[in-house]
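The structure appears below as structure tokens.
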Amino acid sequence: MAQEVIDILTSNIDTLWVIDCAILVFIMQAGFMCMETGLSRHKNSINVALKNAADFGVSVVIFWIFGFGLMFGTSYNGFFGTDLFFFKTDKAEYMTYFVFQAMFVATAATIISGAVAERMKFNGYLIMTVLATGIIYPIVGHWAWSSSYLSKYDAVNQLLLSTGQVKTTGWLSDLGFVDFAGSTIVHSVGGWIALAAVIILGPRIGKYSDANKGKFTGSSFPLAVLGTLILWFGWFGFNGGSNGAMDEAVPLILINTFLAAAFGLLTGLGISYLRFKKPDPFYIILGPLAGLVAITAGCNSMTSVTSIFVGVVGAIIAIIVNEVLNKFEIDDVVGAVPVHLAAGVWGTLAVGLFSDLSILDTGLDRFSQIKIQLIGIIAIGAFTFISSFTILSLFNKFYPLRVSPVQEELGLNIAEHNAVSIEHDLISILDKQSESGDLKIRGPQDPFTAGGVIGLYYNKLMSKLRD
Amino acid sequence: MAQEVIDILTSNIDTLWVIDCAILVFIMQAGFMCMETGLSRHKNSINVALKNAADFGVSVVIFWIFGFGLMFGTSYNGFFGTDLFFFKTDKAEYMTYFVFQAMFVATAATIISGAVAERMKFNGYLIMTVLATGIIYPIVGHWAWSSSYLSKYDAVNQLLLSTGQVKTTGWLSDLGFVDFAGSTIVHSVGGWIALAAVIILGPRIGKYSDANKGKFTGSSFPLAVLGTLILWFGWFGFNGGSNGAMDEAVPLILINTFLAAAFGLLTGLGISYLRFKKPDPFYIILGPLAGLVAITAGCNSMTSVTSIFVGVVGAIIAIIVNEVLNKFEIDDVVGAVPVHLAAGVWGTLAVGLFSDLSILDTGLDRFSQIKIQLIGIIAIGAFTFISSFTILSLFNKFYPLRVSPVQEELGLNIAEHNAVSIEHDLISILDKQSESGDLKIRGPQDPFTAGGVIGLYYNKLMSKLRD
Amino acid sequence: MAQEVIDILTSNIDTLWVIDCAILVFIMQAGFMCMETGLSRHKNSINVALKNAADFGVSVVIFWIFGFGLMFGTSYNGFFGTDLFFFKTDKAEYMTYFVFQAMFVATAATIISGAVAERMKFNGYLIMTVLATGIIYPIVGHWAWSSSYLSKYDAVNQLLLSTGQVKTTGWLSDLGFVDFAGSTIVHSVGGWIALAAVIILGPRIGKYSDANKGKFTGSSFPLAVLGTLILWFGWFGFNGGSNGAMDEAVPLILINTFLAAAFGLLTGLGISYLRFKKPDPFYIILGPLAGLVAITAGCNSMTSVTSIFVGVVGAIIAIIVNEVLNKFEIDDVVGAVPVHLAAGVWGTLAVGLFSDLSILDTGLDRFSQIKIQLIGIIAIGAFTFISSFTILSLFNKFYPLRVSPVQEELGLNIAEHNAVSIEHDLISILDKQSESGDLKIRGPQDPFTAGGVIGLYYNKLMSKLRD
């Protein structure tokens, strides 16, 4: 009896931790929303915010219907799962696993929304979300992570495994590829799809014109900083929960996570001092996020000093890639490709270079581990980029993913949602007065909205002109 | 000894979970604040935000003084509790229960603040909060939920119960009424009071005028989306913590919660495509919130497929009720009645229709359970609506709950708090220059505030006119 | 075996709780960011937000390098620690302790950022962060808190302690000074440094001019309320996690925490009704935060009724100190000194006055405890204020900590980060048209940004003038 009780207690503690972490991963959705909305221009802010809410609905529903099965179902030769559709089980621990994975999948989608902001159609974005979270992410996830579910939870597979009769897990994990919490599976996958999408969409009108010099003004930088801090907050759950249990490994995972992020932040700050002699707001956001993405793959298998190095290099790489993209006029509104793709690739490689092999427990030597990490990075990158580029290009032929130039100029808030922001009120007031041509006509008496203020100002000015 | 240690460990795990959840429920206060502020007009944003902070203080204090006692004290014939005022106990587990319940009570109040926004007096709102959280909520809460405390924690009641001598719990729970986490007790109660209040207050000036066509522009839609996501985040604690323990039931509760919300979101999105051919921002907020409210009553006793159905229907009902209210020119600023009342009623009924009777454990058959659910919905609805409508109407006679039309035009930020927002600065600048009549006079040299920008613009324009 | 298993389970539960709390403390960083950004003027909002992100990076890195060692290392005569630099350990429980403490240290820094907002250089702020979190906080932290680590975790010290050979812990804790979660160590330390800094910096230009009457308009009050609620949310972790374990003490800690805050809110509300006949937004923020700071020192050792009294008095003191500071024209933008210093001192004294001596377990009688609390308050206050005032004054001589008046007028967003907000776009448009002097020239066709709206309005007006 005693052992049984202890097992239940242990299981409840582990469940509690993983669920706490899943809830923290959920709030990253709000983090991405704030960050991406804050960095997008005002006229598109509502569109960006809605994309970041809607993709959660879409991706979770799809994941429940077939994504989870494709990712963790019985493997077809290590390439994709073939059952567990419409996820249903009686076992509480399987459900816990599903909760955590369902929160993860939304992250992969929402990474992309920032890159394509301000010109991708809402519908096009939903289509891309289906592609990303229903097909690409589950398939590459199967390659690398299916064993974590199959070996632990699937009784049939365990039986088969014990007889050695079938190959039941993803081909990459069979090779020994390690990506603890998803530098590659989640972040670089999101980044690759984002890269494909922004190449297909092209840059925003005017972004690289001489007048703008590559700079657009986001709607609210403080909102972007809030988003960054919420993401950091959620990342404790993202990396901590990937441990799957509350045990001695957790504290080091968290220390490595925040040290990599903190040093990433200082790296961004330092580089901006070197380059601009000023602390650059965007770099202060890029830095910690790149550090977080980079340490995600190896946070459980590295020393803190190594984690710091990984975070610092991640931030440097992200900043360099950001500049390179701008040089080639590839317009990634929020730096999703530098942060999630570039730092994600680096972090996954760093596992091969620096991780404690005994913790990885793949039976590989250092050189082989590096090789396998490279194979995983390349295989997942090639599959993700090529398939998403191909499918999105095809789609784009028949159903353009980008809004029309007029809509883009109008802003997607109006063009896509008919959702006026406060500035829109101004126009209707001005229009009325302007078209009348009668200087005696006055604006509405609501002096404490932005619209009303302008109206009031207009009235006064008109009075003065008449005098 | 062993059993004792195991009991302590189990109790600590349960306490940890319930406290985690209580903290999550607390942050829903911020979620409501953001959502309601974002959907209210700029000139009232500070007022709305302050109401959503102040009501937490008021409701928690009142709950500690007498609300908790009224809700969970020794029952007077099943109608209300009669002791446990100024809550105090030496038992840690009772305290945990109090923490969780105290976070709940604030939710019921803050639901209302959004409905009555932009025209209800701050003082009137505080009075209504006292009514809602000090009297109505604890009484109906006693009817349905007192047994959860009394049977578990109250030694005297347990003794009396064992002798069968007294009726110690709420009359609705004695009948077998089930509302797991409060679709009715929390959400529909908030919704009924909101309905009474908005009928008494009447619509905002101009809301249903021909010019506005029922549309006012909220101060910040991204803030409203942030609020929705924070609410969703907190709801994991709202439903999960209602289990009272960390056990095998928790993962399913969470899965049902987020699936109902996600499908609610897709439902809102789908209906807006059907009606408007565009994704409507407001529907994308209504959808998931209605799904969450609807699943709250039965999240522990339904399959995931049923939960999805409940979420979808909840979203449909909320959208229909929203349109009906607008048709009758009942002005609910944030959709509190459609979401919390309509979807809450549906969710409570759905428990009777679909829940696993063995989990409900009321000893009733399907038909009787449905009947009892209806009795509970009607009894609580009638009591809440009639008492709040009567009391608020009486109050309104002697102390009008609505601000004056001039104050409403000015906006409650100024009228109630003398709290200027940035736009107010503009006016003082313009006033000075306008009244002077001297075109040579220039505005202040602070070109990077909105006020200063207009001043600068004004200066330049004046210069040009003089030339 | 059984005992061993139980120890592991207990340790895992405690770790889970402390880590949950550490994560909650992290999000207080976002709370401070929102609160301080919201209360600062628009032209400085980006600067404030960035300071609140950057200081986390700086303080955590420094704490890892030497702060933790200075605070918890082997004591040099009770004054400061001398080892544990570049924190590294194999023991998971030590790591957990480090995680929690690392989140704490950032709080002490970020308190200051609000007080000095709108005129302190970004670089100067970073220097002050290094001083605060690298030197002052760890040293006074050693005085009062080093025993908590040393006695529990340091095997060598335990051995030495048992022989009674050396004095190994901070001198204040040896005397019996008690500050449970840091009313003094964290909050008043932040407050004292803030006071030194604002005296050195002087008030913002125009703050106490006749025109402004001490009132500047913050960029967004709702954002400040959001920040307050996030802080409150995080405080559950701040106080709850300071218990170091999940046991019977936790629920009371949380109840005392939110009751003190709720009564603090009502106190702020009540005073504002008495003084202004209106609910004052700033007081509604000051009240609960002062209540939270005040109860932090004694939340585990007081009854709820006492906690309420401590919260109420804390709010009153904070409001009085706020007025006194304004009278002396000491310009603290967000009220950091009233809230964190004044209420923190009161809360620490209240431990001596009211706490259950058996819980404090210092072996002191009431009078002696009060005396020691006063010694601690004075010693830490004097050391912190004098050292920070001296060092910052010296610094200020050679490297002025304040921006130039022109930069201050421009706003730190532009002056320090070249970070334009949306209003800046207006100017470039107006400049172009104004300088050309040609009324036929028109603004850009982007009518749904604030900039574009003004441009459009300008165009229409110019057309009319030409006609």
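Note that these values count all heavy atoms, side chains included, but never hydrogens, waters or copies made by symmetry. None of the values given here were measured: they were computed from a predicted structure. Here is how names work: the chains are called A, B, and so on, in the same order as the sequence lines, proteins then strands, and each is numbered from 1.
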Of all the heavy-atom pairs spanning C:A49 and A:V225, show the shortest one and how long it is.
O-CG1, 3.7 Å
Which pair of heavy atoms, one from C:A53 and one from A:L265, lies closest together, and at what distance?
O-CD1, 3.4 Å
Atom of A:E248, atom of C:A92 and distance for their closest heavy-atom approach
O-CB, 3.5 Å
On the 0 to 90° scale, with breaks at 30° and 60°, tag the A:F236-C:F26 ring pair as parallel, tilted or perpendicular.
perpendicular
Where does C:N47 contact chain A at under 4.5 Å (heavy atoms): side chain, backbone, both or neither?
neither
Looking only at heavy atoms, what is the nearest atom pair of C:A30 and A:L226, with distance?
CB-CD1, 3.9 Å
Quick check on A:L24 against chain C: is it the side chain, the backbone, both or neither that has a heavy atom closer than 4.5 Å?
side chain
For C:A22, which atoms come within 4.5 Å of any heavy atom of chain A: side chain, backbone, both, or neither?
neither
Under a 4.5 Å cutoff for heavy-atom pairs, which residue among A:L9, A:I230, A:D280, A:L259 has the most contacts with chain C?
A:L259
Heavy-atom pair count under 4.5 Å with chain C, highest-scoring of A:F282, A:F221, A:F276
A:F221
When A:L16, A:I13, A:N44 are compared by non-hydrogen pairs under 4.5 Å with chain C, the top option:
A:I13
So do A:F263 and C:V60 actually touch side chain to side chain, heavy atoms under 4.5 Å?
no
Within the side chain of A:K278, is there an N or O that forms a donor-acceptor pair under 3.5 Å with the backbone of C:A415?
yes
Kindly write out the residues that satisfy ring pair (Phe, Tyr, Trp, His ring centres under 6.0 Å) with C:F100, not counting sequence neighbours, or none if the list is empty.
C:F104
List the residues meeting side chain to side chain contact (heavy atoms under 4.5 Å, CB included) with A:I271, not counting sequence neighbours, and say none if there are none.
A:T267, A:R275, A:Y283, A:I316, A:I319
Note: vs chain A, highest number of non-hydrogen pairs under 4.5 angstrom among C:V99, C:T37, C:I8, C:V48 is C:V99
